[in-house]
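Values reported hereafter were calculated over all heavy atoms of this structure, with side chains retained and with hydrogens, waters and symmetry mates removed. Protein chains get the first letters and strands the later ones, always in sequence-line order, with residue 1 at the start of each.
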Amino acid sequence: MTTEKKLTDSCTSDKAAKAFLVLALSYLLFGLILGVIGGFQYILPPFLKDRLSFQQTRPLHVYLVIAWIFTGAQAVIYYYIPRIANRPLYWQQGIWLHFMLQLAVSLFIITSFFLGYFGGREYLEFPPVLGLFIFLSWIPFAINFFATLKPNYKTAPVYIWSWSTGILFFFITLSESYLWLFDFFRTNVVRDTTIQWKALGSMVGSWNMLVYGTGIYLMEKTSGNANPARSPVAYFFYFLGLTNLMFNWGHHTYIVPAAPWVKTVAYVISMTELLILAHLIIQWRKMMTDAQKYYHRLPYRLLSFADFWIILNLILAITISVPAWNYYTHGTHITVAHAMGATIGINTLLLFASVFYFIQQVRPNAAERRKKMAGIGILITNIALLVFWLSLLGSGFVKISGKLNNEAFYLIMKKSEPWFKVFTYSGVFVLLGISLLIFASLKALLRKKDL
Amino acid sequence: MLRIVLFLLLFSTYVIYSAVVYSKGTENAVSVDRIEAGKINHGKKLYQQYNCTACHQIYGLGGYLGPELTTAQSDPNRGENFMKALLKGGGPRMPNFHFTDDEINAVISYLKYVDATAVTYKKPTPK
Ligand code: HEM
C-alpha cells in the first residue's frame, strides 16, 4: 500500500474519469424515468401506447440502467487504476476515445429505439451492428487497464482478478450473444435460446465482477484492512464466483429442451452459492457492528446496505434455482424482483459507494456539503426498494396461482393490479431516492462554488 | 501460481463445455421442410424486427407485460385463431402492427415451431 500514490494527488486522467461518471449518472437518471413510465404502462394500459409504447420504454429502460452499471464501474476503475499502479494511465487519449465511442453508441441506440428500429433480442434489443460498436468501445478500456496495471497475477489482490475477469468475459459473452447471426445457431430455437441465456447469464456475471471488484477495493481502502482483498477466503470466494459465472446460467433454462445435463450442472453449481450465503450470515454480526461504527461515512453506509441486499437476493436466487420451484416462478415477476433487486440493491448501491468515495477524494468540501441530501436519498431508496421488491414478489405469486388454476392472462393481470400499483408507486419513490443521490453527486462534481 | 493454474483449468473447462453446449447439448429435435423453414425464418425476423420480446417471452426470454408465447399454439385456451385475431387487430395493451396476412402466417409458423419444440415445458403441466 505504501507504493500507492497518495489518494488526494490528482492524475491527468481524473478529468476523463469524472466525465465518465457524469455520463453514467445521466444514463441512470433517464433510465429511471423510463422505468417509471414503463411502470405506469402496467397500471394504465393506454398511457403513451401510441407515442412511446412499452415496446420502446422497456428496452430504453433496460439499456440505460445497464449502461449506468458498466459505465459507472468503468469510471471508478479509471480513477483507481493510476493510483494502484502508481503511474499515469498508459494511453491518455484512449480514455477520451472510449468516451466518444461510448457516447456515440448510446446516442445511436437511444435514437434507434425512439425511431422504432429494433434488433429484438432480450436485453440487446437494438440493431445488431451497434453491438459491434459496443465491443469496439471497450477496447481502449481494456488496453488502458492491462497496460497501466501490468497485473502480476501471482500476487494480485482479488479486485484485480475480479476486474480482469469482468473485462475478459464481457468480450466473450458479448460475442457469444451475437452467434444467432449465423444460421447454425439461429435456425434451431433450442440452440439459439440456450446460448442466449448462457451469454446473458454470464454477461451479468461479468458486470458483477467489475462492480464487486470496486466494492472490495473500497472495503480495503475505507477499513484499512487488507483481508477482504488478499486473504485465502477472499480468493476462495472469487473462484466460487467465477465458477458460477461460467456454469450457473443453466438455471435460466430449466424449461428449455436442451440436454438434461446442462440443467444438472447449473443446479449443482448454483447451490454452491449457499456457501456465500452462509459466509455472509456468519459475518453478519461483525458487519452490523462495523456498519454502526462507520455509519457516518457515506461509502460505508452504502456498502452495508448493499450487504443486506446481497443476502436477500441470494436467498431469492437460490430458491428460484431449485428446478421444482423454478418451474413455477419462471416467467413471473419474481424473476423481475431478482433482476431489479440485484441491479438496484447491490450494483447501484455499490457503485454509489465508489461515487461518493471518488467525490470525497477529489472534492472533499463539496462532499461534506452534500452529505445530508445523499443520506436522505439512501434511506428513501432502501425503504422504497423493499416495498418495490416485495410487490414484485406479490404479483409473482398471483401469477403462479393463476397458472395453477389455468386462468386466462387478462384475469391474472386484473388480479395483479393492486400489486402493480404498489410496484409503480414505490418505483416513483425509488426514482426520488436515487435522484437525490444523483443530484448530490452531480452538484458535488460540477458546481464550481462547492470546491 | 496455484491461482493461475486454477484459473486456466476452469477456463479450459468453460471453453470445452461451451463447445459441447453449442453442438451436442442443443441438438434439434424437430425437423421441418424447406418451405416451412423459410416461413419460420421470416416469422422470427418479424418477431425481432417488431421487438415482440419487449412484452412477450419465449422460453423465459423477454418482458412481462404480455403473455408468454412458447406454448400459445397448443394451449386449449388460446390456439391459432386466437393468436391470429390479436395479430390482426391488436388488443387493449398489444399494439396493432398492421401486418399483412402473409406476415401473420409467418409469425404463426414461427410460434407453431417453437411450440413443437417445447416438450420439456409442457410435460409437467397439471391439466
Ligand atoms: C437503478 C434503478 C433500476 C435498475 C438498475 C433497473 C433494472 C432493470 C432490469 C435489469 C430490468 C429487466 C428485468 C427482467 O428482465 O427480469 C428491469 C425491468 C423493468 N423495470 Fe427496472 N430498474 C431500475 C429502476 C426501476 C424503477 C424505479 C422502475 C419504476 C417502476 C422500474 C420499472 C421497470 C419495468 C416496468 C420493467 C419491465 C418489466 C417487464 O419486463 O415487464 N425500474 N429493470
Side-chain angles (χ1 to χ4, degrees), chain A residues 38 41-42 45-46 49-50 53-59 116 118-122 125 153-154 161 165 176 179 185-191 193-198 200 235 239 242-243 246-247 252-259 261-262 265 327 330-333 335-336 404 406 408-410, chain B residues 1-4 6-7 10-11 13-14 17-18 20-30 37 40-41 44-55 57-68 70 76-78 91-93 95 110 113-114 117-121 124-127:
Chain A
Q41 289 174 326
Y42 260 90
K49 185 180 174 210
D50 299 318
S53 92
F54 198 74
Q55 184 195 19
Q56 292 157 303
T57 43
R58 183 179 190 267
F118 301 108
R121 307 285 296 186
E122 172 71 337
E125 293 170 65
Y153 291 103
K154 278 188 196 151
W161 278 90
T165 308
E176 193 179 33
L179 285 176
F185 296 97
R186 186 181 55 242
T187 54
N188 172 349
V189 70
V190 174
R191 179 166 295 145
T193 313
T194 307
I195 293 173
Q196 208 185 343
W197 270 127
K198 175 180 186 301
L200 294 180
Y235 289 107
F239 277 107
L242 178 64
T243 312
M246 291 173 169
F247 303 109
H252 299 288
T253 65
Y254 291 143
I255 53 161
V256 184
W261 44 260
V262 173
V265 168
Y327 180 73
H330 112 92
T332 69
H333 285 84
T335 317
V336 186
L404 287 174
N406 253 325
F409 177 74
Y410 80 91
Chain B
M1 202 56 206
L2 176 69
R3 285 173 226 144
I4 299 177
L6 193 55
F7 181 89
L10 273 172
F11 191 74
T13 315
Y14 170 77
Y17 187 62
S18 302
V20 181
V21 169
Y22 293 172
S23 49
K24 260 185 111 64
T26 51
E27 263 159 7
N28 207 346
V30 176
I40 293 169
N41 204 13
K44 181 168 180 150
K45 217 183 237 161
L46 290 167
Y47 192 89
Q48 290 191 197
Q49 196 180 327
Y50 287 91
N51 208 27
C52 314
T53 203
C55 302
Q57 306 181 348
I58 283 182
Y59 285 125
L61 283 166
Y64 301 81
L65 185 67
E68 108 94 75
T70 319
N77 293 326
R78 297 185 279 176
R93 282 197 164 91
Y110 171 56
Y113 160 68
V114 171
T117 62
V119 280
T120 44
Y121 190 26
T125 320
K127 276 272 147 72

Among all residues two or more places apart in sequence or in another chain, which pass the side-chain hydrogen bond (donor to acceptor under 3.5 Å, both in side chains) test with B:Y113?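 Partners of B:Y113 under the side-chain hydrogen bond (donor to acceptor under 3.5 Å, both in side chains) test: none.
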
Pick out which of B:T70, B:L61, B:T26, B:T117 makes a side-chain contact (heavy atoms from CB on, under 4.5 Å) with A:T193.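 Single pass found, and it is B:L61.
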
Check whether [X] gets within reach of chain B through its side chain, its backbone, both or neither, counting any heavy atom under 4.5 Å.
X      : result
A:Y42  : both
A:T253 : neither
A:Y410 : neither
A:T194 : side chain
A:Q56  : neither
A:P59  : side chain

Is a donor from one side chain sitting under 3.5 angstrom from an acceptor on the other, for B:N51 and A:E125?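 B:N51 vs A:E125: donor-acceptor pair found between side chains.
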
Part of [X] lying under 4.5 Å from any heavy atom of chain A:
X     : result
B:E68 : side chain
B:P67 : both
B:K44 : side chain

Residue, of [options], that accumulates the most heavy atom pairs under 4.5 Å with chain B:
options                        : value
A:K154, A:Q55, A:H333          : A:Q55
A:A408, A:G38, A:G331, A:A259  : A:G331
A:R121, A:K198, A:E176, A:E122 : A:E122
A:H252, A:R186, A:Q196, A:Q41  : A:R186
A:V256, A:T243, A:T187, A:L200 : A:V256
A:F409, A:F185, A:W161         : A:F409

Looking at every heavy atom in both [X] and [Y], which two are closest together, and how far apart are they?
X      : Y      : answer
A:N188 : B:E27  : ND2-C, 3.9 Å
B:G60  : A:W197 : O-CZ2, 3.3 Å
A:P257 : B:V119 : CB-CG2, 4.0 Å
B:Y22  : A:R191 : O-NE, 2.7 Å
A:M246 : B:F11  : CE-CA, 3.8 Å
A:N406 : B:N77  : O-ND2, 3.8 Å

Go through B:K45, B:R78, B:R3 and name the one with the most non-hydrogen pairs under 4.5 angstrom from chain A.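 Top option by heavy-atom pairs under 4.5 Å: B:R3.
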
With chain A, which of B:I4, B:L65, B:T53 has the greatest number of heavy-atom pairs at distances under 4.5 Å?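 Option with the greatest count: B:L65.
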
Is any side-chain heavy atom of A:Y153 closer than 4.5 Å to one of B:M1?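 No, their side chains stay 4.5 Å or more apart.
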
What distance separates A:T165 OG1 from B:L10 CG, expressed to the nearest 0.5 Å?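 With rounding to 0.5 Å, OG1 (A:T165) is 10.5 Å from CG (B:L10).
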
Given A:Y235 and B:L2, is the side chain to side chain contact (heavy atoms under 4.5 Å, CB included) satisfied, shown in steps? CA-CA 11 Å; A:Y235 289 107; B:L2 176 69; over 6 Å; no

Would B:V20 and A:W261 count as a side chain to side chain contact (heavy atoms under 4.5 Å, CB included) here? Give the steps. CA-CA 11 Å; B:V20 181; A:W261 44 260; 3.5 Å; yes

Has A:R58 got a side-chain atom pairing as donor or acceptor with B:C55's backbone, closer than 3.5 angstrom?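 Side chain of A:R58 to backbone of B:C55: no pair is present.
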
Is there a donor-acceptor pair closer than 3.5 Å between any side-chain N or O of B:Q48 and the backbone N or O of A:G119?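 Side chain of B:Q48 to backbone of A:G119: a pair is present.
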
I want to know whether B:F7 and A:F239 have ring centres closer than 6.0 Å.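 Between A:F239 and B:F7, which both carry aromatic rings, the centre distance is not below 6.0 Å.
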
Kindly write out the residues that satisfy ring-ring contact (aromatic ring centres under 6.0 Å, His included) with A:F247, not counting sequence neighbours, or none if the list is empty.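 For A:F247 the ring-ring contact (aromatic ring centres under 6.0 Å, His included) partners, ignoring immediate neighbours, are B:Y17.
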
